Amino acid sequence: MALGEVLDPTAVRADDDGSPGPAAGPLAGKTVGFRLDEIWRAWDWVVDLWAAELVAAGARVRRWRSHQGRTGEAGARIAQELEAFIDEIDVAVVGLGNCGSCTGWTIRDALACAAAGLPTTAVCTAAFEELGRQLARHGGRAGLRIHVLPYPLNERAREEVEAVARAHFPGLLATMGAELAPAAAAVAR
Amino acid sequence: MNAPRRIPPYRPRPEREVVARDCGDVACDLDWLSSPRHSAEVDDVMAFTRWAMERGFGDGLPLIPPTEARVRAFLAGSDRYPDEVICTLPPANGECTVEKIAINAVMAGAPPESLSLLIAALEALADPDFELFGLNTTTAPVVPLLLVNGPIRHRLGIPHRHGCLGGEATQAVAIGRAIRLLMRNVGGQVVGVTSQSTFGTPGRVAGILFGEWEERSPWPPLAERRGVAGDAVTCFGAMGTQNVLDTTSRRAVEFLEMIGKSAGYVGCNGLSPAMPYAELLIALNPVHAELIHREIPDLAEVQELLWRFASLPADWLTPAHREQLEAQGRVIDGRVYLCVEPKDVLVVCCGGTGGLHATVFHSFGSCIAQTRRVRPDPRLA
């Protein structure tokens with residue numbers, strides 16, 4: 001047995017901005033952008049309900065649908081669309097992290113929104129929360145706001161998903177650091 | 001008060017045309033190797049492996065301690081700077097330098113002469129169009145397959161004949177393992193954390209690394225068809241291997257029908273609404289390749305037939321599945337195609353002369369295969 005020196009095989013990114021970024025603040029009059037995908041119908045149902053609540057509170061809502069093809073010509077087109085989406089909104093809600101690669105792209109797109117200075121919240125299901133947080137850290141922004149929905153979600157009936165969305169709306173607002181007008185806040189409660 | 005900032009000593013870099021930039025396998029006036037050092041057991045492989053596993057450096061198999069002498073010996077005679085950044089590897093986005101490649105290759109037991117191949121493979125894997133980020137984090141059982149072309153197959157013992165996908169005693173296993181260790185140690189791929197692969201795949205231990213049997217292929221080598229002649233490596237996001245047995249067919253089109261129809265199964269990634277496009281890699285054994293070529297010499301025609309056969313009638317899918325694909329515009333004349341175009345079906349010739357079998361590699365989906373030239377290594381001249 002002899003001790004000696006070995007070289008470290010790892011190379012982990014060290015820089016990190018632990019800040020969650022700016023809070024969304026009062027939402028009335030602001031444009032809240034929801035990033036959708038082409039996989040999870042349950043996420044569409046959740047966003048429909050949350051969007052209705054936000055519109056009722058005086059916010060505007062913009063939806064943008066990403067997809068899993070982020071390479072080649074399709075990837076270039078999606079990147080342009082994401083840039084345009086970021087330009088048109090004041091607050092970003094990005095989802096849905098509900099599988100490995102789609103959590104990856106959810107976090108990547110959320111980091112792009114956050115890097116543009118937008119108050120940004122990513123949404124993941126519970127099974128993919130840890131992955132989401134790890135990817136945010138590896139992306140240099142460990143403090144990224146992440147709201148967590150229950151898992152499994154996409155396998156539930158629409159009524160069940162809408163009940164989840166309704167129950168999670170106040171929690172979403174808290175994660176976003178958002179405020180509704182008093183009347184709308186009472187409705188949300 | 002803050003500590004005074006330390007300015008690193010000036011290190012003049014040799015001119016780029018200098019070929020041998022290493023310092024030999026013992027020592028060096030300039031400390032080229034910048035990785036942190038750890039004190040560890042270096043004479044006992046099993047003790048070192050336990051130590052490395054405790055720190056998350058390992059894969060479960062025995063590891064060779066990457067001592068300074070071993071890493072220097074690995075780099076000795078190569079024409080690469082240890083601090084050259086080849087790429088960053090997701091999801092951790094660690095900088096993959098030549099030094100990190102050497103350290104992990106030493107741990108894997110890869111031969112020093114494989115450095116150029118490793119670098120070319122990593123360059124291919126890191127191309128944004130390969131989408132390594134999604135591949136490394138996905139729930140899918142996907143692993144980057146590495147297909148080698150050119151004379152380097154013989155110099156490094158890359159398997160391309162019988163049992164080329166596994167079983168041959170060759171150092172290629174260690175080369176593939178080096179890539180996998182880099183995914184862990186530089187890419188930060190951790191099972192159940194940053195990698196959500198539901199089942200994983202055996203290929204995530206030592207990779208899938210094989211060559212094309214160019215000498216028996218009736219068509220030009222795959223890399224040459226993709227614009228890179230000679231030594232080259234092509235990476236492909238492979239969802240494991242699927243065998244196709246055919247003891248019945250006689251005509252070329254019959255073989256292609258069997259292979260294409262076997263490839264087009266409902267649950268493959270290419271037919272999922274979650275993946276808007278996908279490639280397909282078909283490995284034909286030399287006997288079948290020759291039979292097919294005799295009747296259909298034009299490879300583009302072979303690709304088109306495989307593409308047509310690798311499709312399904314849309315009404316065979318479940319309604320919910322079909323609706324999603326219809327919404328994506330992927331139902332064409334009542335059929336759904338695994339690949340968008342015939343060119344997305346890649347064909348290679350390899351495997352044993354017993355014939356009978358073909359291998360289908362489904363792709364993850366959005367990972368587009370990449371090919372890179374392998375720079376000549378002075379040690380293989």
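Just so it is clear, the structure is predicted and the values come from calculations on it, not from any experiment. By convention in this document, chain letters (A, B, ...) are assigned in the order of the sequence lines, proteins followed by strands, and residues within each chain are numbered from 1.
Put simply, of A/Pro9, A/Gly100, A/Gly4, the one with the most heavy-atom pairs under 4.5 Å next to chain B is A/Pro9. Most heavy-atom pairs under 4.5 Å with chain A, from the set B/Glu99, B/Glu41, B/Glu95: that is B/Glu41. Chain A forms the most heavy-atom pairs under 4.5 Å with one residue out of B/Gly365, B/Gly134, B/Ser366, B/Pro66, and that residue is B/Pro66. Comparing A/Ile107, A/Leu3, A/Ile39, A/Thr71 by heavy-atom pairs within less than 4.5 Å of chain B, the highest count is held by A/Thr71. For the options A/Arg108, A/Arg137, A/Arg70, heavy-atom pairs under 4.5 Å to chain B are most numerous at A/Arg108. Ranking B/Ala40, B/Pro91, B/Ser39, B/Gly94 against chain A, the residue ahead of the rest is B/Ala40, based on heavy-atom pairs under 4.5 Å. Contact tally against chain B (heavy-atom pairs below 4.5 Å) for A/Leu131, A/Thr103, A/Leu7: the top residue is A/Leu7.
Residue pairs that meet the side-chain hydrogen bond (donor to acceptor under 3.5 Å, both in side chains) test with at least one member in residues 183-201 of chain B, sequence neighbours left out, are B/Asn104-B/Asn185, B/Asn136-B/Gln189, B/Arg180-B/Gln189, B/Ser195-B/Arg204.
Contact of the B/Thr137 side chain with the A/Leu135 side chain is registered, since non-hydrogen atoms from C-beta on lie closer than 4.5 Å. Considering only heavy atoms from C-beta on, B/Arg37 stays 4.5 Å or farther from A/Asp8 through its side chain. B/Phe133 places none of its side-chain heavy atoms less than 4.5 Å from the side chain of A/Ser101. For the pair A/Phe128/B/Thr139, a side-chain contact is recorded, criterion being any heavy-atom separation below 4.5 Å from C-beta on. B/Thr67 places none of its side-chain heavy atoms less than 4.5 Å from the side chain of A/Glu5. Residues B/Val42 and A/Val6 are in side-chain contact: their nearest non-hydrogen atoms beyond the backbone lie under 4.5 Å apart.
Contact annotation for B/Val193: both backbone and side-chain heavy atoms come within less than 4.5 Å of a heavy atom of chain A. Both the backbone and the side chain of B/Glu131 come within contact range of chain A, each with at least one heavy atom under 4.5 Å from a heavy atom of that chain. Contacts of B/Pro276 with chain A are made by side-chain atoms alone, with heavy-atom separations under 4.5 Å and no backbone atom involved.
Within the model, atoms CD of A/Glu73 and CG of B/Asp129 stand 10.0 Å from one another, a figure rounded to the nearest 0.5 Å.
Panel note: side chain A/Glu38, backbone B/Ala274; no donor-acceptor pair is recorded below 3.5 Å. Side-chain N or O atoms of B/Lys100 include one that pairs as donor or acceptor with a backbone N or O of A/Thr10 at under 3.5 Å.
In this structure, A/Glu162 places its CD atom where more than 12 heavy-atom neighbours from other residues, nucleotides or ligands lie under 6.0 Å away.
Residues of residues 46-55 of chain B lying under 4.5 angstrom from chain A, judged on non-hydrogen atoms, are B/Ala47, B/Phe48, B/Trp51 in numerical order.
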